[in-house]
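Values in this document were obtained by computation on a predicted structure and should not be read as measured data. When a residue number appears, it is its place in the shown sequence, counting from 1.
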Amino acid sequence: MFIAYAVVAGLLALTLAASATLTLQRNEAIVASMRKVDVPDSWLPRLATLKAAGAVGLVTGLWLAPLGTAAAVGVTLYFIGAIVAHLRAKNFDLAPAAALAATAAAALALRLAA
């Protein structure tokens, strides 16, 4: 189970790191997506920081299981929040957020099982 966690957490961490970087750079696609769900521009640095912290926590969780568990919980909740934001804005383009929430939940389950 540990190897499966390492693979899932590693891929999720890479995705989160890339997303955090693009969010901080105010990538046009990310900013447009955030605006569709009424996220103020002032929140972008905070959201990018949360993604980066999740990435670091998932990778550190390879050595410190409680931190990996906490990071997986946090990332899962982050993307559940993203799904809720999409639904509240009646924007049903929520496949990326749902896929990342499912991946984060898988990382959590694998970390707990390892």
Side-chain angles (χ1 to χ4, degrees):
M1 285 297 173
F2 178 78
I3 292 173
Y5 170 74
V7 170
V8 172
L11 292 174
L12 183 57
L14 285 173
T15 303
L16 290 169
S19 181
T21 302
L22 291 172
T23 302
L24 284 174
Q25 293 174 346
R26 300 201 185 258
N27 176 275
E28 204 173 296
I30 299 236
V31 171
S33 177
M34 297 281 195
R35 285 191 179 134
K36 286 180 187 176
V37 294
D38 302 323
V39 173
D41 286 347
S42 64
W43 286 19
L44 294 180
R46 291 180 208 130
L47 295 175
T49 301
L50 289 172
K51 292 176 196 176
V56 170
L58 287 168
V59 172
T60 305
L62 294 171
W63 295 276
L64 298 171
L67 187 58
T69 301
V73 167
V75 173
T76 302
L77 292 174
Y78 178 95
F79 285 108
I80 289 172
I83 292 168
V84 169
H86 278 271
L87 293 174
R88 287 184 70 196
K90 294 185 177 27
N91 178 325
F92 300 107
D93 181 24
L94 44 92
L100 288 168
T103 305
L108 174 59
L110 290 168
R111 179 69 268 184
L112 291 173

Side-chain heavy atoms under 4.5 angstrom apart, residues restricted to Ile, Leu, Val, Met, Phe, Trp, Tyr: same cluster for Val73 and Leu47?
no
Under a single-linkage definition using a 4.5 Å side-chain heavy-atom cutoff for Ile, Leu, Val, Met, Phe, Trp and Tyr, are Leu50 and Ile83 assigned to the same hydrophobic cluster?
no
Taking the side chain as every heavy atom from C-beta outward, state whether Leu110 and Phe2 have any pair of such atoms under 4.5 Å apart.
no
With clusters defined by side-chain heavy atoms of hydrophobic residues (ILVMFWY) lying less than 4.5 Å apart, directly or transitively, does Val59 cluster with Met1?
yes
Starting at CG of Asp93, measure out to NE2 of His86 and round the result to the nearest 0.5 Å.
6.5 Å
Between the CG atom in Leu108 and the CG atom in Leu58, the distance rounded to the nearest 0.5 Å is 10.0 Å
Run the side-chain hydrogen bond (donor to acceptor under 3.5 Å, both in side chains) test against Ser19 and tell me which residues pass, sequence neighbours left out.
Lys51
Taking the side chain as every heavy atom from C-beta outward, state whether Ser33 and Glu28 have any pair of such atoms under 4.5 Å apart.
no
Linking I/L/V/M/F/W/Y whenever any side-chain heavy atoms sit under 4.5 Å apart, do Leu67 and Val8 land together?
no
With a 4.5 Å cut-off on side-chain heavy-atom distances among I, L, V, M, F, W and Y, is there a chain of contacts connecting Ile30 to Leu24?
no
Within the 4.5 Å heavy-atom criterion, are Tyr5 and Leu62 side-chain neighbours or not?
yes
Looking at CZ of Phe79 and CG of Leu12, how far apart are the two atoms once the value is rounded to the nearest 0.5 Å?
7.0 Å
Salt bridge or not for Asp41 and Arg35, using N-O below 4.0 Å?
yes
